[in-house]
Amino acid sequence: MITTLINYAERGNVLSVPDALKNAGFTIMVVFAVLCLIFIIISIAGKIFSATSKADKPAAETAAPAAAPAAAASEEEFSSGSLRLKGCDEKTAAMIMAIVSDNTGIPLSELVFKSITLVEDK
Amino acid sequence: MIEVISDLWSQSGIANMTWQQGVMLLISFVLFYLAIKKQFEPLLLLPIAFGMMLTNLPWPGGGIFHPEWFEGGINWAALGGHGVNAAGVEVEPGLFDFLYIGIKLDIFPCLIFMAVGAMTDFGPLISRPSSFFMGAGAQFGISFAFVAATLLGFDAQGAASIAIIGGADGPTAIYLTSKLAPELLGAIAIAAYSYMALIPMIQPPIMKLLTTKKMRQVKMEQTRPVSKVEKICFPVIVSVVCILILPTVAPLLGCLMLGNLFRESGVTERLSDTAQNALCNIVTIFLGTSVGATAIGTNFLKLETLKIIGLGLAAFAFATVGGLLIGIVMYYLSKGKINPLIGAAGVSAVPMAARVASKVGQKENPSNFLLMHAMGPNVAGVIGSAVAAGVLLSLFG
């Protein structure tokens with residue numbers, strides 16, 4: 001690859017087809033290698049952060065027992081699960097979710113909805 | 001009296017206009033139409049078109065831009081007022097001679113990347129890091145276009161600059177081309193931004209061709225929430241890893257991640273706001289007009305430009321194919337939990353490509369909302385194209 005670099009660093013040199021294929025292959029391989037490395041690091045970091053936050057939670061519960069039910073409720077509230085729609089179509093539900101996200105400033109990826117229920121006017 | 005009118009005529013722009021300038025003016029009018037009426041990336045296409053129009057109007061006593069002063073390096077003496085134009089006549093520097101310094105010295109593309117970083121939420125990518133593979137797969141268009149451009153007779157630098165159109169990332173394309181093949185800058189920038197605007201037309205047929213209805217209907221599970229600490233660490237980790245391996249990407253990727261750190265740190269609200277709004281808008285004006293100014297008729301109206309436009313389209317199409325193929329592999333590996341359509345969003349073009357993936361998914365299943373899932377590969381593609389640019393720069397710079 002160093003030889004290729006020296007040969008073609010000057011303008012005006014058209015690569016041969018094998019050299020072009022070699023350089024194209026090398027480029028995509030390096031892209032995959034670098035992104036794969038970041039993938040590994042981010043995955044490991046994510047697991048460490050998740051483990052740390054889980055370890056912190058029991059400690060917080062011990063320190064403030066009164067807050068424990070609230071924390072448990074919060075955890076349950078934010079656990080992933082399917083959204084239940086009662087009397088509300090999916091399009092309206094999507095609009096409601098988008099409006100809540102916009103008004104609260106919380107990204108949709110961080111909001112979890114348990115159910116959306118239509119309240120009838122009396 | 002006739003002599004006066006004759007003098008007036010001979011000094012007028014109309015008498016001094018070449019056919020190339022006339023054609024370029026018409027092309028700039030077409031770009032105005034596409035930007036204003038069709039809204040094809042108007043924020044960039046409009047200043048590009050205006051820069052193109054200005055530079056191709058016949059200017060008495062020289063011109064508004066002199067590309068010959070930037071061949072090799074910057075001719076600082078000419079910019080100081082001691083320059084001659086292509087015809088050998090001593091002329092004063094024009095406005096775009098000064099603005100173009102920002103491109104030649106990589107300032108504008110890097111500042112745009114800082115703005116992009118400040119506007120980007122890497123949360124979807126952090127919560128599903130496997131999206132990196134789809135972002136990498138979509139860089140296949142770069143490799144394909146590189147080989148195709150070589151076959152069409154472009155030298156290594158020209159082929160690398162054309163290939164980067166497949167990265168679907170305007171600032172990266174401008175950054176690499178201004179370093180490797182500055183004479184192709186106008187055509188490459190126009191092709192890159194035009195095709196980005198055409199993504200809703202280019203991608204859906206390819207998506208439908210490569211995926212089954214069952215694949216397109218896959219509803220993806222919500223990803224885990226990402227903590228603030230993870231979001232703060234992400235730009236630092238990516239900068240260190242990428243720049244250690246490929247120092248040539250430091251200006252682009254460093255600015256992208258700096259902008260993102262402004263956003264995520266939570267302590268530089270003003271800097272983040274400036275990068276996202278005022279700075280971004282100012283630099284966009286300078287970048288667009290100076291890129292447009294490089295499209296001078298004698299350089300632009302060549303067969304090469306048509307080849308670049310064709311290769312750019314092929315690069316975009318194969319980038320989509322690459323992303324989709326990795327998406328399909330991940331669909332099988334995840335036992336049908338990942339919708340392969342989000343792979344197509346691996347071509348950068350944030351957030352247009354993610355929107356298209358979401359829209360195509362929603363056509364198959366109206367209750368399917370893929371946007372947030374597609375944002376992962378989409379922002380991975382930005383990093384992937386910057387890395388690809390760094391590799392090409394190392395090889396041919």
Side-chain angles (χ1 to χ4, degrees), chain A residues 1-2 4-5 7-17 19-46 48-50 52-53 78 80-83 85 89-91 93-94 97-98 101 106-113, chain B residues 121 123-127 129-130 132-133 135-137 139-140 142-144 146-147 149-151 153-160 163 181 221-227 229-230 233-234 237-238 241-242 245-246 322 366-367 369 371-372 375 380 383-385 387-388 390-392 394-397:
Chain A
M1 204 44 70
I2 297 293
T4 307
L5 199 156
N7 283 344
Y8 296 107
E10 278 181 26
R11 292 297 316 264
N13 292 327
V14 179
L15 271 77
S16 63
V17 176
D19 271 353
L21 286 169
K22 212 161 59 176
N23 283 287
F26 178 72
T27 304
I28 195 79
M29 264 168 51
V30 175
V31 171
F32 263 98
V34 172
L35 295 195
C36 187
L37 186 61
I38 302 174
F39 159 75
I40 293 167
I41 296 170
I42 296 296
S43 300
I44 294 169
I48 293 170
F49 286 125
S50 298
T52 316
S53 62
F78 286 96
S80 58
S82 57
L83 169 66
L85 302 180
D89 64 282
E90 286 173 331
K91 201 174 174 183
M97 287 156 76
S101 169
I106 303 167
L108 258 180
S109 59
E110 291 171 18
L111 276 174
V112 178
F113 294 83
Chain B
D121 176 12
L125 179 60
I126 302 169
S127 62
S130 58
F132 271 114
F133 294 113
Q139 307 314 313
F140 174 66
I142 294 177
S143 292
F144 171 82
F146 180 78
V147 177
T150 305
L151 287 172
F154 286 95
D155 67 359
Q157 288 74 12
E221 282 174 18
Q222 200 157 19
T223 52
R224 68 178 177 86
V226 177
S227 70
V229 184
E230 280 177 274
C233 290
F234 182 81
I237 292 171
V238 172
V241 171
C242 290
I245 297 171
L246 276 171
S367 64
F369 298 95
L371 186 63
M372 285 317 291
M375 282 307 289
I383 300 172
S385 57
V387 171
V391 180
L392 292 170
S394 302
L395 289 172
F396 307 115

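So you know, we letter chains A, B, ... as the sequences are listed, proteins then strands, and number each from 1.
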ask   = Is any side-chain heavy atom of A:Ile28 less than 4.5 Å from a side-chain heavy atom of B:Ile142?
value = no

- Side chains of A:Thr27 and B:Phe146: does their closest heavy-atom pair fall under 4.5 Å?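 No - every pair of side-chain heavy atoms lies 4.5 Å or more apart.
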
Determine the minimum heavy-atom distance between [X] and [Y], stating which atoms define it.
X	Y	result
A:Ala94	B:Phe369	CB-CZ, 3.1 Å
A:Gly46	B:Glu230	CA-OE2, 3.5 Å
A:Val17	B:Leu151	CG2-CD2, 3.4 Å
B:Phe133	A:Cys36	CE2-SG, 4.0 Å
A:Leu35	B:Phe132	CD1-O, 3.6 Å
B:Cys233	A:Phe49	SG-CZ, 3.8 Å

Going by side chain to side chain contact (heavy atoms under 4.5 Å, CB included), A:Val34 matches just one of B:Val391, B:Ile383, B:Ile245. Which one?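 The residue from B:Val391, B:Ile383, B:Ile245 that satisfies side chain to side chain contact (heavy atoms under 4.5 Å, CB included) with A:Val34 turns out to be B:Ile245.
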
* To do: Could you tell me which of B:Ser227, B:Ala181, B:Ala159, B:Gly123 has the largest number of non-hydrogen atom pairs under 4.5 Å with chain A?
  =>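 Top count of heavy-atom pairs under 4.5 Å with chain A: B:Ala181.
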
Exercise. What residue, out of B:Thr223, B:Leu392, B:Asp121, B:Thr150, has the most heavy-atom pairs lying under 4.5 Å from chain A?
Worked result: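 Option with the top pair count is B:Thr150.
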
Self-check item: Interface moiety of B:Leu246 toward chain A, non-hydrogen atoms closer than 4.5 Å
Solution: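 Just the side chain, heavy atoms under 4.5 Å.
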
If one checks every heavy atom of B:Ser130 against chain A at 4.5 Å, the contacting part turns out to be both

Here the gap from B:Ile237 atom CD1 to A:Leu37 atom CG, rounded to the nearest 0.5 Å, amounts to 10.5 Å

Under 4.5 Å to a heavy atom of chain B? For A:Ile41 that would be side chain

